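Each remark here refers to the structure printed beneath this line.
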Amino acid sequence: MYERVSALIESVGEEFSTMVLNNFNIKKFSQKCVLDRSVISRDIEVLEETADLIIVVPDKSMYDMRADREIKQVSKSIHAEREEALVHATNRNDRDAIKDAAKSKLADVEASIKEKFVDMFLKEHDLYLEQVKLKNESVSKTRILKGKQEKATILDLILKVYDEASRQIVTKLKLALTKFPNIASGLKGTATMRSTKEEIPNPYENENLSGIIEILYDRYQKKSFVSFTNALIDAMNWRLSEEDTMKNPSKGVSEVQQLYAMWERKDLWNQLTKDQFFSVILMKGLHPSVAFRREVLTETTKYI
């Protein structure tokens with residue numbers, strides 16, 4: 001039973017096998033993944049608002065045009081003031097002084113206006129660069145988050161496959177154990193994980209595959225009188241059907257090779273003793289459907 005369940009677990013994949021051996025809570029981790037994906041989705045929405053902004057490059061020529069227009073307006077005012085002052089001038093020296101003052105004032109005002117619009121342009125350009133920086137950062141962060149979102153989605157799908165695989169294996173096992181109530185009863189005890197020392201109560205009823213495989217290992221796989229007895233009885237009970245013997249004898253070779261590989265893997269060759277040989281032959285001879293056989297096995301175990 002342990003071998004068959006282990007084979008089913010291993011057929012799903014190495015990662016799944018590791019999860020089972022460590023009683024990894026797939027459902028709990030899957031729920032965490034769903035929450036993480038929700039947070040990522042919200043972060044992406046916020047970032048995309050910035051990433052989708054249309055940023056307009058400030059146009060230097062527009063600032064120059066605005067500066068020129070303001071200079072012309074101020075120039076007209078200064079020119080009017082100059083003309084009015086010239087009307088009241090009494091001599092050439094006064095007129096020259098008025099013209100020089102107006103020219104100097106116009107130059108100062110022109111320089112001031114140009115500087116003002118240069119500052120405005122530079123401020124706008126700095127804002128543009130900051131917006132570009134924020135946009136680029138948002139695009140980069142969005143790309144990273146979408147990658148995480150995709151990985152989280154794939155991981156969630158894998159976890160769902162693993163969860164379904166675990167459920168199906170437990171369902172198949174419970175169906176098979178309807179014919180072996182004594183084994184099913186044993187799986188209702190408390191399992192202690194070898195890897196974490198965690199205790200799992202009643203893995204059979206709670207459908208905890210990790211606990212089930214741990215109890216199966218403890219009772220039927222690790223080196224013990226019970227596991228050896230079961231292995232030897234299975235080997236002695238092996239036979240090929242009449243039809244397969246006639247039509248497909250190679251099937252026998254394959255099945256015996258599987259038995260042989262199991263004995264090699266468990267190193268069962270070195271476990272046979274005189275006491276075990278006697279007990280195994282006795283166990284094999286007693287009919288498996290009679291409760292007395294189990295009682296004999298239980299009692300015999302105490303002395304081996």
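Numbering of residues begins at 1 and proceeds along the displayed sequence. Source: prediction; values computed, not measured.
Without hydrogens or angle criteria, T178 side chain to L175 main chain gives a donor-acceptor distance under 3.5 Å. In terms of modelled atom types and a separation under 3.5 Å, the side chain of S77 and the main chain of Q73 share no donor-acceptor contact. Under a 3.5 Å cut-off, the side chain of N206 and the backbone N or O of P201 do form a donor-acceptor pair. Counting only distance, with no hydrogens or angles, the side chain of S166 and the backbone of Y162 share no donor-acceptor pair below 3.5 Å.
With contacts defined as side-chain heavy-atom distances shorter than 4.5 Å, the pair T245/R239 does not qualify. Inter-residue side-chain proximity for L47 and L145 is flagged as met; some heavy-atom pair is nearer than 4.5 Å. For the pair V256/W238, a side-chain contact is recorded, criterion being any heavy-atom separation below 4.5 Å from C-beta on. With contacts defined as side-chain heavy-atom distances shorter than 4.5 Å, the pair V109/K105 qualifies. Using a 4.5 Å heavy-atom threshold, the side chains of E150 and T153 count as separate. Between Y128 and V56 the shortest side-chain heavy-atom distance does not fall below 4.5 Å. At a threshold of 4.5 Å between non-hydrogen side-chain atoms, the residues I9 and S6 do not count as touching.
Both cation-pi conditions hold for R194 and Y217: the charged atom is under 6.0 angstrom from the six-membered ring centre and inside a 45 degree cone around its axis.
When hydrophobic clusters are built by joining Ile, Leu, Val, Met, Phe, Trp and Tyr residues whose side-chain heavy atoms come closer than 4.5 Å, directly or via intermediates, I215 is not grouped with I200. Linking ILVMFWY residues whenever their side-chain heavy atoms come closer than 4.5 Å, directly or via other members, leaves L157 and I40 in distinct clusters. By the rule that hydrophobic residues join a cluster once side-chain heavy atoms approach within less than 4.5 Å of another member, L155 and F16 end up as members of one cluster. Linking Ile, Leu, Val, Met, Phe, Trp and Tyr residues whenever their side-chain heavy atoms come within less than 4.5 Å places L8 and L177 in a single cluster. Note on L209 and F24: same hydrophobic cluster, where clusters join Ile, Leu, Val, Met, Phe, Trp and Tyr whose side-chain heavy atoms are under 4.5 Å apart, directly or indirectly.
Using cut-offs of 30° and 60° on the angle between ring planes, the pair F121 and Y63 is perpendicular.
Atom-to-atom distance recorded for I26:CD1 and C33:SG is 11.0 Å, nearest 0.5 angstrom. With rounding to the nearest 0.5 angstrom, the CG atom of N208 is 11.0 Å from the CG atom of L187. Note that CD of Q131 and CG of N136 are 11.5 Å apart. Values are rounded to the nearest 0.5 Å. In this structure, CD in E207 is found 10.0 Å from CG in L173, a value given to the nearest 0.5 Å. Atom CD1 of residue I55 and atom CG of residue L134 lie 8.0 Å apart, to the nearest 0.5 angstrom. To the nearest 0.5 Å, the span separating OG on S41 from CD on Q149 amounts to 4.0 Å.
Within a 6.0 Å sphere centred on CD of E137, heavy atoms belonging to other residues, nucleotides or ligands number more than 12. Other residues, nucleotides and ligands place more than 12 heavy atoms under 6.0 Å from the NZ atom of K135. Applying the 6.0 Å contact sphere to CE of M62 captures no more than 12 heavy atoms from other residues, nucleotides or ligands. Within 6.0 Å of CE in M65 there are 12 or fewer heavy atoms belonging to other residues, nucleotides or ligands. Around the NZ atom of K174, the shell of radius 6.0 Å holds more than 12 heavy atoms that belong to other residues, nucleotides or ligands.
A salt bridge does not link K123 with D119: none of the charged nitrogens is closer than 4.0 Å to a carboxylate oxygen. The residues E70 and R66 are annotated as not salt-bridged, no charged nitrogen and carboxylate oxygen being separated by less than 4.0 angstrom. Classification of K72 and D68 as a salt-bridged pair fails, no side-chain N sitting under 4.0 Å from a carboxylate O. By the 4.0 Å N-to-carboxylate-O rule, E164 lies close enough to R167 to be salt-bridged with it. With respect to K146 and E48, a salt bridge is recorded, a charged nitrogen being found less than 4.0 Å from a carboxylate O.
F180 pairs by the ring-ring contact (aromatic ring centres under 6.0 Å, His included) definition with nothing, not counting sequence neighbours. With sequence neighbours excluded, the residues that form a side-chain hydrogen bond (donor to acceptor under 3.5 Å, both in side chains) with D163 are K27.
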When you look at S185 and N182, which way does the side chain to side chain donor-acceptor pair (under 3.5 Å) test go after all the steps? CA-CA 5 Å; S185 178; N182 57 321; over 6 Å; no
How far apart are the C-alpha atoms of D36 and K148, what are their side-chain angles, what is the distance that settles it, and do they pass the side-chain contact (heavy atoms from CB on, under 4.5 Å) test? CA-CA 10 Å; D36 290 345; K148 290 182 177 179; over 6 Å; no
| request: Walk me through it: do T192 and E198 pass the test side-chain contact (heavy atoms from CB on, under 4.5 Å)? | output: CA-CA 6 Å; T192 301; E198 176 186 3; over 6 Å; no
List the steps, then state whether side-chain contact (heavy atoms from CB on, under 4.5 Å) holds for T196 with N23. CA-CA 9 Å; T196 63; N23 192 33; 5.6 Å; no
For S30 and D156, what are the C-alpha separation, side-chain angles and deciding distance, and is it a side chain to side chain donor-acceptor pair (under 3.5 Å)?
-> CA-CA 6 Å; S30 182; D156 186 49; 3.0 Å; yes
If you apply the rule side chain to side chain donor-acceptor pair (under 3.5 Å), what do you find for S250 with N248, and how did you get there? CA-CA 5 Å; S250 61; N248 187 23; 2.9 Å; yes
Next on the checklist: With side chain to side chain donor-acceptor pair (under 3.5 Å) as the criterion, how do N91 and D94 come out once you've worked through the C-alpha distance, each side chain's angles and the decisive distance to 0.1 Å?
Outcome noted: CA-CA 5 Å; N91 54 60; D94 289 342; 3.2 Å; yes
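Here the shortest heavy-atom pairing between K99 and R82 reads CA-CD, 4.1 Å. What you find for V20 and M193 is that their closest heavy atoms are O-CE, 3.8 Å. Residues I183 and L216 approach most closely at CG2-CD2, 4.3 Å, considering heavy atoms. Residues A191 and G211 come closest through the heavy atom pair CB-O, 3.4 Å. F29 approaches L159 most closely through the heavy-atom pair CD2-CD1, 3.4 Å. Closest non-hydrogen pair, N22 versus S195, comes out as OD1-OG, 3.3 Å.
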